[in-house]
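Heads up, the thing below is written out as C-alpha cells.
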Amino acid sequence: MEIFLQQLVNSLSVASVIILIGIGITLIFGLTGIINFAHGEFLMIGGMTTWLVVSNGGGFIIGLVAAVLFVGLLGFVLERGLFRLTLDRPMNGFIISLGLIVVLQHFVIRFWNSYQKSIPEPLSGVWEIGGVQIIVMRAVVVLITAVVVAITFFGISRSRYGLALRASVADQETASLMGVPVRRYITGVFIYGSMLAGLGGALMIALFPITPFIGSTIVVRGFAVALIGGLGNVAGAVVAGLVLGLMDGLSAGYGLPEWTEAYSFALMILILLLRPNGLLGGTAGPRAV
C-alpha cells in the first residue's frame, strides 16, 4: 500500500501541470473551435522565462509571475494577429498553430540554444507521512494547481462573467444580440488559457530540467487530457488529468516504466472508443465549457 501511495503522490505534480495545459486547451476550443497545438510551446516559453529571470538573479516567485504575464501577452498578440482571422475557419487556425510550434521552438534555440535549462529547487525538504515521502515543491505545485482550478470553476459557474461566457459558448450570435461582447470574451479566454500554460511552464521547470522541445511532448498529454475528459469540458479535463496521473504512477510502480506513455494513450483510445465525447461529455464545436 505504501508503494501505491508513494507512486500516486509522485505522479500528482506532473498531472497538475498537464491539467493546467488541458484546461487551457479545452477553454480555447470550447469558445473558438480552434485546436491550438502550439499551446505546449506556451508552456515551454513560460519555463524559459522563469529560467531567464532566476538566472539573472530574480527569485522564483518573480520568475513565475513574469512567465504568467509574458505568456499571457504572447497569447493576446497571437490571438489578435493570427487566430482571430481564422475564427470562421478553425482548420486554418489549427494549421497556423502547427507552424507556430516550429517558429517558437527555433526562436528559443536561436537565442538560448537547445540544451536543457534548469533552476535551483525553489523549496527544499521532504515531508514523511505514514511512510510516504512528499517532496515539498511537488506539494506546492499540486496546491497551486488546486487553487487555480477552484478559481476557474468559480469564475465559470458563479460570476456574471462566467454566465456571459457560457452564453457565448452556447450560441455566439444570440449572446452577441443580447449585448455580450463575444470577441472580447474570445480574447480573454485565449489570454487566460495562455497564462495557465505559462504557469505550467514555471511550475514544471521548478521540478525538472526542460528543453525547447518539451512543449511538443506535453501538448500531446494535454490533448489526451482534454479528449478523455471531453473537449470543451473543464471538469472533464481535471478528472482526466487525475486519471492519467494515476496511470503514470501505477505503471511506474507496478508495470514497465518505459511503457508509461503507451499505457496512457491506450487508455485514451479505449475511452474514446467507448465514450466518443469523453468521460464527462464534450462539445462537437465551440458550444459549452
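Positions are given from 1 along the sequence.
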Return each pair, listed once, that meets ring pair (Phe, Tyr, Trp, His ring centres under 6.0 Å) where at least one residue sits in residues 118-162; pairs must be two or more places apart or across chains.
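As it turns out, there is no ring pair (Phe, Tyr, Trp, His ring centres under 6.0 Å) pair with a partner in residues 118-162 once direct neighbours are skipped.
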
Pairs touching residues 55-107 that satisfy ring pair (Phe, Tyr, Trp, His ring centres under 6.0 Å), sequence neighbours left out
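Found F37-F94, F83-F190, F107-F111.
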
Could you report the tightest heavy-atom contact between I134 and A139, atom names first, then the distance?
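Closest heavy-atom pair between I134 and A139: CG2-CB, 3.9 Å.
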
Hey, what do you get for [atom1] ([X]) to [atom2] ([Y]), rounding to the nearest 0.5 Å?
X: L203; Y: S16; atom1: CG; atom2: OG; value: 8.5 Å
X: S124; Y: I135; atom1: OG; atom2: CD1; value: 11.0 Å
X: L100; Y: F42; atom1: CG; atom2: CZ; value: 6.5 Å
X: L242; Y: I19; atom1: CG; atom2: CD1; value: 4.5 Å

Backbone N/O of R183 and side chain of R84: donor-acceptor pair under 3.5 Å
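Looks like yes, one N/O pair under 3.5 Å.
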
Counting only N and O atoms by type, is there a donor-acceptor contact under 3.5 Å from the side chain of T145 to the main-chain atoms of V141?
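Between the backbone of V141 and the side chain of T145 there is a qualifying donor-acceptor contact (under 3.5 Å).
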
Could you tell me whether the side chain of N36 reaches within less than 4.5 Å of the side chain of I25, counting heavy atoms only?
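With C-beta onward as the side chain, the pair stays apart.
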
Counting C-beta onward and ignoring hydrogens, is there a side-chain heavy-atom pair between V126 and V136 closer than 4.5 Å?
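No - every pair of side-chain heavy atoms lies 4.5 Å or more apart.
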
Quiz question: by atom type and distance under 3.5 Å, do the side chains of E79 and T187 form a donor-acceptor pair?
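Checked: E79/T187 side chains pair up, N/O donor to acceptor below 3.5 Å.
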
Which residues satisfy the side-chain hydrogen bond (donor to acceptor under 3.5 Å, both in side chains) test with N113, sequence neighbours excluded?
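Checked N113 against side-chain hydrogen bond (donor to acceptor under 3.5 Å, both in side chains); matches are K117.
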
List for me each residue that meets salt bridge (charged side-chain N to carboxylate O under 4.0 Å, His left out) alongside R89, sequence neighbours excluded, and say none if there are none.
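If we apply the salt bridge (charged side-chain N to carboxylate O under 4.0 Å, His left out) test to R89, skipping adjacent residues, there are no hits.
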
Write out all pairs satisfying salt bridge (charged side-chain N to carboxylate O under 4.0 Å, His left out) with one or both partners inside residues 200-225, taking only residues at least two apart or from two chains.
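Checked against salt bridge (charged side-chain N to carboxylate O under 4.0 Å, His left out) - neighbours excluded - the pairs reaching residues 200-225 are R221-D248.
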
Which residue pairs pass the salt bridge (charged side-chain N to carboxylate O under 4.0 Å, His left out) test with at least one member in residues 131-144, sequence neighbours excluded?
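Sorted pair list comes back empty.
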
Audit row: Q105, S216, side-chain hydrogen bond (donor to acceptor under 3.5 Å, both in side chains) steps and yes/no
CA-CA 9 Å; Q105 282 181 357; S216 300; 2.8 Å; yes

